[in-house]
**Q** 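Sending over a structure as structure tokens; questions will come in a sec.
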Amino acid sequence: METTIDKTTLLNELDAYYIVSPEAIAFYRQNGYVKLKHVLSPEVLAYYGDILTDLVFRLNTLIKPMEERTTYERAFLQIMNLWREDEQAKEFVFSKRLAKIATDLMGVEGVRLYHDQALYKEPSGGITPWHADQFYWPLASPNTVTVWTPLQDTPMEMGPLAFAEGSQHVEIGRDIEISDDSEKILSDTLQEQNFNVHDTPFELGEVSYHAGWTFHRAGPNVSDRPRKVMTMIYMDKDQIVMQPRNEYQVADHATWLNSVPIGSKPQSELNPILFSY
Ligand SMILES: O=C(O)CCC(=O)C(=O)O
């Protein structure tokens with residue numbers, strides 16, 4: 001029998017507030033990430049998962065065989081700002097539920113979207129090397145956070161996201177782009193400095209939030225299913241754009257921040273406020 005999807009129920013769920021426990025907030029601030037279960041229902045994930053997946057495969061241009069790809073290209077198909085491509089993708093990306101959690105974890109008044117991105121690790125896709133995201137962003141304060149939302153359960157063989165606990169507090173390796181070098185150098189340094197690495201599967205409905213300076217990586221996808229993940233990067237709504245410090249930040253300033261003046265808030269239509277108290 002065909003089941004009918006009640007769209008209003010799905011939209012209500014995307015906007016319904018999730019109460020973030022004081023323990024989860026304390027954990028995030030200490031460790032630079034937190035994993036939360038039962039944030040999204042199987043129904044929301046199935047419905048929006050299909051929409052996001054169709055978009056990823058429609059917009060993807062990376063079609064060369066795995067053997068010819070760089071380490072970065074082997075890690076995932078990366079399709080950005082899906083909210084600008086499709087009204088239903090926008091419903092998911094603009095979820096107040098997910099944006100409020102980001103707000104509460106950072107302890108700010110509200111958050112803007114930096115950009116979204118789908119990260120699909122294909123079967124036989126390689127590792128995501130150790131890196132910290134904020135290396136790429138010309139943003140003045142560390143109040144940035146990414147929600148990593150798997151669209152299916154993600155066992156170890158699919159390459160779930162792993163985190164070096166507390167690594168956002170130390171100013172090591174902040175000038176290293178994601179690469180084979182970052183994997184080697186950061187893995188050695190994090191080990192030498194005794195950082196605990198949290199690497200566990202994600203249940204269906206579980207999501208993680210990690211701070212912009214938290215080092216993270218993912219293993220290869222050795223399963224026969226694609227590891228489908230949608231992410232949204234949030235920043236404090238009062239975040240300030242700073243002078244870019246590298247070529248990636250110059251590019252991000254133009255692409256994701258609409259080239260707003262250095263020293264101003266990113267107030268253009270590219271960076272909407274998604275939740276505010
Ligand atoms: O999905 C992955 O493998 C990497 C994700 C990541 O680096 C991020 O969301 O910041």
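In listed order, ligands and their atoms are each counted from 1.
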**Q** By side chain to side chain contact (heavy atoms under 4.5 Å, CB included), which residues pair with Pro142, not counting sequence neighbours?
**A**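 Expected list: Trp213.
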
**Q** Going by atom types alone, do Tyr114 and Asp252 pair a side-chain donor with an acceptor below 3.5 Å?
**A**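 Looking only at side-chain atoms, Asp252 and Tyr114 do form a donor-acceptor pair, the distance falling under 3.5 Å.
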
**Q** Side chains of Tyr48 and Glu91: do they bring a donor and an acceptor to under 3.5 Å?
**A**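 There is such a pair (donor and acceptor under 3.5 Å, judged by atom type) between the side chains of Tyr48 and Glu91.
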
**Q** Cluster partners of Ile185, using ILVMFWY side-chain heavy atoms under 4.5 angstrom, listed by chain and number?
**A**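 Besides Ile185, the hydrophobic cluster comprises Trp130, Val170, Ile172, Ile176, Leu186, Leu190, Phe195, Val197, Phe215, listed by chain and residue number.
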
**Q** Picking from Ile178, Thr128, Ile127, Asp188, what satisfies side chain to side chain contact (heavy atoms under 4.5 Å, CB included) with Glu183?
**A**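 Among Ile178, Thr128, Ile127, Asp188, the one meeting side chain to side chain contact (heavy atoms under 4.5 Å, CB included) with Glu183 is Ile127.
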
**Q** Which residue pairs pass the salt bridge (charged side-chain N to carboxylate O under 4.0 Å, His left out) test when at least one of the two sits in residues 31-54, sequence neighbours left out?
**A**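 Found Lys37-Glu203.
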
**Q** Identify all N/O pairs between ligand 1 and the protein with a separation under 3.5 Å and present them as a table of atom names and distances.
**A**
from	atom 1	to	atom 2	distance (Å)
ligand 1	1 (O)	Trp148	NE1	2.9
ligand 1	1 (O)	Arg227	NH1	3.3
ligand 1	1 (O)	Arg227	NH2	2.7
ligand 1	3 (O)	Thr128	OG1	2.6
ligand 1	3 (O)	Arg227	NH1	3.0
ligand 1	3 (O)	Arg227	NH2	3.3
ligand 1	7 (O)	His131	NE2	2.9
ligand 1	7 (O)	His216	NE2	3.0
ligand 1	10 (O)	Asp133	OD1	3.1
ligand 1	10 (O)	Asp133	OD2	3.0
ligand 1	10 (O)	His210	NE2	3.1
ligand 1	10 (O)	His216	NE2	3.0

